[in-house]
Amino acid sequence: MDPDYIRIFDTTLRDGEQTPGVSLTPEEKMEIALQLDKLGVDVIEAGFPSASRGEQKALKEIANAGLRAQVCALARALRSDIDIALNCDVKYIHTFISTSDVQMKYALNMTPDQVVEAAVDSIQYIKDHGVICEFSPMDATRTDMDFLKRVCKAAEEAGADYINIPDTVGIMTPKAMERLIRELKEVVNVPLSVHCHNDFGLAVANSLAGVEGGASQVHVTVNGLGERAGNAALEEVVMCLHLLHNKRTGINTRLIYETSKIVSRLTGVVIQPNKAIVGENAFAHESGIHTRGVVVKPLTFEPFSPELVGRRRKLIAGKHAGRHGIKAELEDAGFHPTEEQLREIVARVKELGDKGKTVTDADLFAIARAVMGKTAEEKIIELSDLAVVTGIRVIPTASVKLIIDGKEYVAAETGVGPVDAAIKAIQKITSTLADVRLKEYRLEALTGGSDAVAEVIIKVEDREGNVVSARGAREDIVMASVEAMINGINKILLKKLRKA
Ligand code: KIV
Ligand code: ZN
């Protein structure tokens, strides 16, 4: 036995499925079990078969799927429950009974002696069937210490292969957990396990403390799913064990993110963005100081490389973003703006950030396409002003002021909508320079919400058959359309100039 190897007992398919609102079909359970097996967990607690026929079907299929992991079923300390579990072909049964005064009295209506007797009988019954037995004195952390020791000793003598200590209502602190496991290790020799709930947000810390106290197995769930506030999250426990506690597990950490995504999709439980390891923001950097740092040396603002858990670093363009971060993000996506273009992109990103908007990758790329698409140093036409009026009993009208060769030109037009009116007003002013018609117009709202950045992609053609495409990206659709149109006309004019 390697003292530094910690067994990962995954209960996503049992305690995790007890997350309020989560219910998995046998097929979904199988998909998760296959992924957990690939991930490298030691034990998959695949369900509580006495709960339903669907559970039994799922358990039987998973037990016979030829997995490398041990497949376990949960059973109350009752022969009838154990028989149902045995019928599911599992070779590992986790049996439990309440041991705290409050649960023995109000949940079981049993005396402590009856509880010990039921625990011993169930363990012996499981062992008589040649099956691995893990025993849990439920609510162990609120159980009288002398009684807990008595139950654990009785379980060991009855043949339990593992004893799991559940912090059923999550009331432990790391110090208390470490002490409890140390004390129990003095009275029993079977490997101890911990099962921590997250009611006070301490499930992971308590699990790690249990390991410090001598536990060699930890119960976990992917994404920290589970009853009420959930169980200790697999991804957090495993990464802490590997990187902070110098322990080993069988987990292939590079599959952690993929596993988290599968579980989130199948359970419908969305992961909070700031969740450690698997949350969307866990490897995202926004502030200029941070992005600059990670671009030069990732270790400056990252505890470990995101690739280690199957992820990629994300540099976020927002009001805290710096030139370096935005430049790196753009270069990563194949954009190579000039210094002047970059300055304008950064300014636009900050402008959006100041208005309280989040700038997604898609928004940033649209802004870059719009800025880089316009022939900056060769602008012939520039927008100086724009006003639109629209409504139910009003004819949509736009007035546009353009600067051409340093002179101001103003025109107003009506249209079927404000975009149409504004484009017509631009055409009216520029018709003598380039008689351009709109050949194609496409609008894309890049992020959800009415304040999303809109990207307008157009194709324009002049009388001589010159066709160019152009883009605009603004939070205002009319502005994005006007920007695209002016970019298009500038491109046509430059094309003509070059030909001349
Ligand atoms: O939290 C708990 O006590 C449990 C038991 C069934 C081990 O989930
Ligand atoms: Zn539990």
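All ligand and atom numbering here is 1-based and tracks the order in the structure. Computed from heavy atoms alone, side chains included, the values below leave out hydrogens, waters and symmetry copies.
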**Message:** If you consider just the N/O/S atoms, which atom of Asp15 is the closest one to the Zn ion (ligand 2)?
**Reply:** OD2
**Request:** For the residue pair Phe9 and His219, categorise the inter-ring angle as parallel (less than 30°), tilted (30 to 60°) or perpendicular (more than 60°).
**Result:** parallel
**Verdict with supporting geometry, Ser264 and Lys261, side chain to side chain contact (heavy atoms under 4.5 Å, CB included)** = CA-CA 5 Å; Ser264 174; Lys261 284 280 185 208; 5.7 Å; no
**Prompt:** Is His195 close enough that one of its N/O/S atoms sits under 2.8 Å from the Zn ion (ligand 2)?
**Reply:** yes
**Asked** For the residue pair Phe365 and Phe335, is the inter-centroid distance of their aromatic rings smaller than 6.0 Å?
**Response** yes
**Prompt:** Under 4.0 Å between a Lys/Arg side-chain N and an Asp/Glu carboxylate O for Arg14 and Glu227?
**Reply:** no
**Asked** Any luck finding a side-chain donor-acceptor pair between His197 and Thr168 under 3.5 Å?
**Response** no
Could you go through ligand 1 and note, for every N or O atom, any protein N or O atom closer than 3.5 angstrom, writing the atom names and distance to 0.1 Å, or 'none'?
| residue | atom | partner | partner atom | Å |
| --- | --- | --- | --- | --- |
| ligand 1 | 1 (O) | His195 | NE2 | 3.1 |
| ligand 1 | 1 (O) | His197 | NE2 | 3.0 |
| ligand 1 | 3 (O) | Thr168 | OG1 | 2.7 |
| ligand 1 | 8 (O) | Arg14 | NH1 | 3.3 |
| ligand 1 | 8 (O) | Arg14 | NH2 | 3.0 |
| ligand 1 | 8 (O) | Asp15 | OD2 | 3.1 |
| ligand 1 | 8 (O) | His195 | NE2 | 3.1 |

**Prompt:** How many angstroms lie between atom CD of Glu45 and atom CG of Leu36, to the nearest 0.5 angstrom?
**Reply:** 12.0 Å
**Request:** Would you verify whether the NZ or CZ of Arg311 falls within 45 degrees of the ring axis of Tyr257 while also being under 6.0 Å from that six-membered ring's centre?
**Result:** yes
